[in-house]
A.B. asks: 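Pasting a structure below so you can have a look.
Quantities reported herein were computed from a predicted structural model and do not represent experimental measurements. Reminder, nothing fancy here: chain letters follow the sequence lines and each chain counts from 1.
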Number of protein chains: 2
Amino acid sequence: MKEQVKDKRTAILEAALKLFTERGFHGTSTAQISKDAGVATGTLFNYFPTKEDLINSLYFEVKGELSRSMGKEIEEQSTFKDKLEKIWSNLVKWGVENQEEFLFVGQFCNSPYISKFTRDEVMKEYIFLHNLVDEGIREGEIRDFSAELTIAMFYQGSRTVVNLILDSDSSLDENKILEDGFQIIWRGLAK
Amino acid sequence: MKEQVKDKRTAILEAALKLFTERGFHGTSTAQISKDAGVATGTLFNYFPTKEDLINSLYFEVKGELSRSMGKEIEEQSTFKDKLEKIWSNLVKWGVENQEEFLFVGQFCNSPYISKFTRDEVMKEYIFLHNLVDEGIREGEIRDFSAELTIAMFYQGSRTVVNLILDSDSSLDENKILEDGFQIIWRGLAK
DNA sequence: CTGTAAAATGACTGATTAGTCATTTGTGTT
DNA sequence: AACACAAATGACTAATCAGTCATTTTACAG
């Protein structure tokens with residue numbers, strides 16, 4: 001038997017991610033996922049009882065990665081603005097470096113049949129950001145808008161920047177877009 | 001024969017819009033669309049040669065409506081800021097009042113198999129906004145970021161606000177969210 | 001080796017899919 | 001009425017789908 005580089009579950013998730021971003025959820029058959037993952041059709045269902053389970057599992061894994069990346073090296077930042085800028089940079093760089101995962105999240109969040117439950121569930125991953133924003137409001141660093149609005153504008157702003165970078169043919173000024181994007185959001189939020 | 005309130009084409013598009021936002025593109029069968037539209041399965045294909053044609057036609061129609069709504073009563077605004085705020089308000093109100101259309105656009109733009117061509121094609125609808133932003137930059141009303149970044153942050157900001165309004169159980173402060181959202185973006189962009 | 005349990009397999013199924021096409025129905029003209 | 005033409009129809013098909021399950025392979029214990 002050949003050395004097994006990664007377990008079947010991971011292989012399935014990776015194949016699924018690639019195909020989903022290429023063809024969408026319903027446009028990708030479980031048979032194709034199995035084939036690309038190098039496993040039998042039945043094996044997929046040993047790990048994920050249904051296709052929807054597979055999609056949800058993939059989403060949780062990807063969101064976990066994103067959530068972890070988001071919080072990297074925050075403690076090292078001294079000012080509130082620096083912290084926020086670090087998170088911004090983490091979010092954008094994660095999206096650019098993990099294009100498939102980034103697109104998958106976009107697809108997932110805009111797909112209708114994936115319910116509010118999952119969306120709420122995922123928002124828990126952002127407690128960290130929520131706390132920081134609450135603190136920023138309390139301490140007068142940023143203006144007193146609702147935390148939901150503040151977080152949504154910030155997070156979606158970072159996604160907008162990633163989309164711009166991914167679209168732009170010239171990857172010349174990736175950093176320029178990242179920084180300009182943050183300037184816009186920061187000036188919008190700061191007191 | 002009963003009076004025909006609307007032609008079959010429109011009935012098909014309306015049924016498709018509803019089903020797409022409920023179940024996604026691939027999750028909706030042409031048979032179901034035909035049934036909901038009150039026409040035979042064959043009739044759908046008289047109007048739209050393929051399912052993908054139907055999706056694209058629907059997108060162009062919806063984007064046309066959005067584009068028209070966006071530009072309403074702009075001439076009546078005197079200052080640059082007022083114009084931008086009016087567009088913002090038009091965008092948000094269109095999204096809130098045309099929830100299905102709004103969600104459909106989100107789905108469409110995040111679906112992978114709908115290509116760059118269509119996305120570019122649609123950007124032409126925004127020439128009007130593009131021109132306004134260019135003018136605003138030239139005349140020093142807003143800061144000199146790239147027009148693409150400025151427009152994207154503005155447009156996606158308005159979508160973020162709509163999503164927040166649609167999600168919030170309490171539709172109490174719809175206007176508050178709209179106005180706060182604009183404040184954030186305006187302060188971010190203004191000189 | 002041998003026994004055993006878990007993991008993997010792929011042929012198979014019943015349901016569903018987008019799209020076809022020979023036929024019927026409706027409309028307007030003379 | 002009789003014709004012509006377009007619009008609408010729905011039974012049909014070939015392909016594909018998610019998911020099943022009896023069987024085989026693998027991993028490991030004694």
Side-chain angles (χ1 to χ4, degrees), chain A residues 1-61 104 107-108 111-115 118, chain B residues 1-61 104 107-108 111-115 118:
Chain A
M1 185 193 181
K2 295 283 171 65
E3 67 210 301
Q4 185 146 331
V5 181
K6 32 193 106 198
D7 64 331
K8 313 252 174 194
R9 204 188 107 100
T10 307
I12 291 167
L13 285 172
E14 283 177 1
L17 174 63
K18 182 144 179 279
L19 288 165
F20 285 155
T21 56
E22 276 169 8
R23 314 169 186 207
F25 301 135
H26 282 96
T28 302
S29 70
T30 53
Q32 188 66 56
I33 296 171
S34 303
K35 199 181 157 199
D36 282 27
V39 303
T41 62
T43 305
L44 188 148
F45 293 99
N46 289 343
Y47 289 97
F48 309 97
T50 68
K51 189 183 180 183
E52 193 161 320
D53 266 303
L54 167 59
I55 297 176
N56 278 279
S57 299
L58 183 53
Y59 183 63
F60 278 107
E61 300 242 347
F104 171 76
Q107 255 187 266
F108 188 92
S111 74
Y113 49 98
I114 311 289
S115 64
T118 320
Chain B
M1 185 193 183
K2 294 284 169 66
E3 68 209 304
Q4 185 146 333
V5 181
K6 30 195 110 200
D7 62 333
K8 313 251 175 194
R9 205 187 107 99
T10 307
I12 291 166
L13 286 172
E14 284 178 358
L17 175 63
K18 181 142 181 279
L19 288 166
F20 285 155
T21 56
E22 276 170 7
R23 314 169 185 208
F25 300 135
H26 283 96
T28 302
S29 69
T30 53
Q32 189 67 57
I33 296 170
S34 303
K35 198 181 159 200
D36 282 25
V39 304
T41 63
T43 306
L44 187 150
F45 293 99
N46 290 343
Y47 289 98
F48 309 98
T50 69
K51 189 184 180 183
E52 193 161 320
D53 266 303
L54 167 60
I55 296 175
N56 278 279
S57 298
L58 183 54
Y59 182 63
F60 278 107
E61 299 241 348
F104 171 77
Q107 256 188 265
F108 188 92
S111 75
Y113 49 96
I114 309 289
S115 63
T118 320

A.B. asks: Roughly, in whole Å, what's the span from CZ in A:Phe48 to C1' in C:dA7?
C.D. replies: 15 Å
A.B. asks: Closer than 4.0 Å, any side-chain N/O of A:Lys35 to the OP1 or OP2 of C:dG10?
C.D. replies: no
A.B. asks: Report which part of the nucleic acid A:Tyr47 touches: base, sugar-phosphate, or nothing (heavy-atom distance under 4.0 Å, all strands).
C.D. replies: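 Touches sugar-phosphate only.
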A.B. asks: So how far is it from B:Glu52 CD to B:Ser57 OG, rounded to the nearest 0.5 Å?
C.D. replies: 10.5 Å
A.B. asks: Could you check how far CD1 of A:Ile33 sits from C1' of C:dA8, rounded to whole Å?
C.D. replies: 18 Å
A.B. asks: Just compare C:dT9, C:dG19, D:dA8 and give me whichever is closest to any side-chain atom of A:Ala40.
C.D. replies: C:dT9
A.B. asks: Rounded to the nearest 0.5 Å, what separates atom OG1 in B:Thr10 from atom CD in B:Glu61?
C.D. replies: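 It is 7.5 Å, given to the nearest 0.5 Å.
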A.B. asks: Just how far, in rounded Å, is C1' of C:dA6 from NZ of A:Lys8?
C.D. replies: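 Rounded to the whole Å, the gap is 13 Å.
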A.B. asks: Mind listing the closest non-hydrogen atom pair of B:Lys51 and B:His26 along with its distance?
C.D. replies: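 Here B:Lys51 and B:His26 meet closest at NZ-CA, 3.8 Å.
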A.B. asks: Starting at CG of A:Leu44 and ending at P of D:dG19, how long is that distance when rounded to a whole Å?
C.D. replies: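 Roughly 9 Å, once rounded to whole Å.
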A.B. asks: Given side chains that start at C-beta, do those of A:Phe104 and A:Phe25 come closer than 4.5 Å, heavy atoms only?
C.D. replies: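 Yes, side chains in contact.
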A.B. asks: Is there a side-chain contact between A:Phe108 and A:Leu58, using heavy atoms and a 4.5 Å cut-off?
C.D. replies: no
A.B. asks: What is the distance, to the nearest angstrom, from the CZ atom on A:Phe45 to the C1' atom on C:dC12?
C.D. replies: 14 Å
A.B. asks: B:Tyr47: which residues meet the side chain to side chain contact (heavy atoms under 4.5 Å, CB included) condition with it, sequence neighbours left out?
C.D. replies: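 B:Tyr47 satisfies side chain to side chain contact (heavy atoms under 4.5 Å, CB included) with B:Lys8, B:Arg9, B:Ile12, B:Thr43 once adjacent residues are dropped.
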A.B. asks: Return the set of residues passing side-chain hydrogen bond (donor to acceptor under 3.5 Å, both in side chains) with A:Thr50 (not counting sequence neighbours), or none when no residue passes.
C.D. replies: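 So A:Thr50 forms a side-chain hydrogen bond (donor to acceptor under 3.5 Å, both in side chains) with A:Asp53.
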A.B. asks: So what's the dot-bracket for DNA chain D: Watson-Crick or G-U pairs under 3.5 Å, [ ] if a pair crosses, | if it pairs off-strand?
C.D. replies: ||||||||||||||||||||||||||||||
A.B. asks: Would you tabulate the side-chain donor-acceptor contacts of residues 27-39 of chain A under 3.5 Å, counting partners in other chains and residues two or more places apart, or write 'none'?
C.D. replies:
unit_1, atom_1, unit_2, atom_2, d
A:Thr28, OG1, A:Leu19, O, 3.3
A:Thr28, OG1, A:Gly24, O, 2.8
A:Ser29, OG, A:Gln32, N, 3.1
A:Gln32, NE2, A:Asp36, OD1, 2.9
A:Ser34, OG, A:Thr30, O, 2.9

A.B. asks: Taking CG from B:Asn46 and P from D:dC5, how many angstroms apart are they, rounded to a whole number?
C.D. replies: 18 Å
A.B. asks: Could you pull out the protein-nucleic contacts involving nucleotides 11-17 of chain D (nitrogen or oxygen on both sides, under 3.5 Å)?
C.D. replies:
unit_1, atom_1, unit_2, atom_2, d
D:dA11, N6, B:Thr41, OG1, 3.0

A.B. asks: B:Leu19 has an atom CG; how far is it from atom C1' of C:dT16, in whole Å?
C.D. replies: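 Result: 16 Å.
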A.B. asks: Would you say B:Phe48 and B:Leu13 make side-chain contact, with heavy atoms under 4.5 Å?
C.D. replies: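 Side chain of B:Phe48 against side chain of B:Leu13, heavy atoms only: contact under 4.5 Å found.
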A.B. asks: Please give, in whole Å, the distance from C:dA7 C1' to A:Ile12 CD1?
C.D. replies: 12 Å
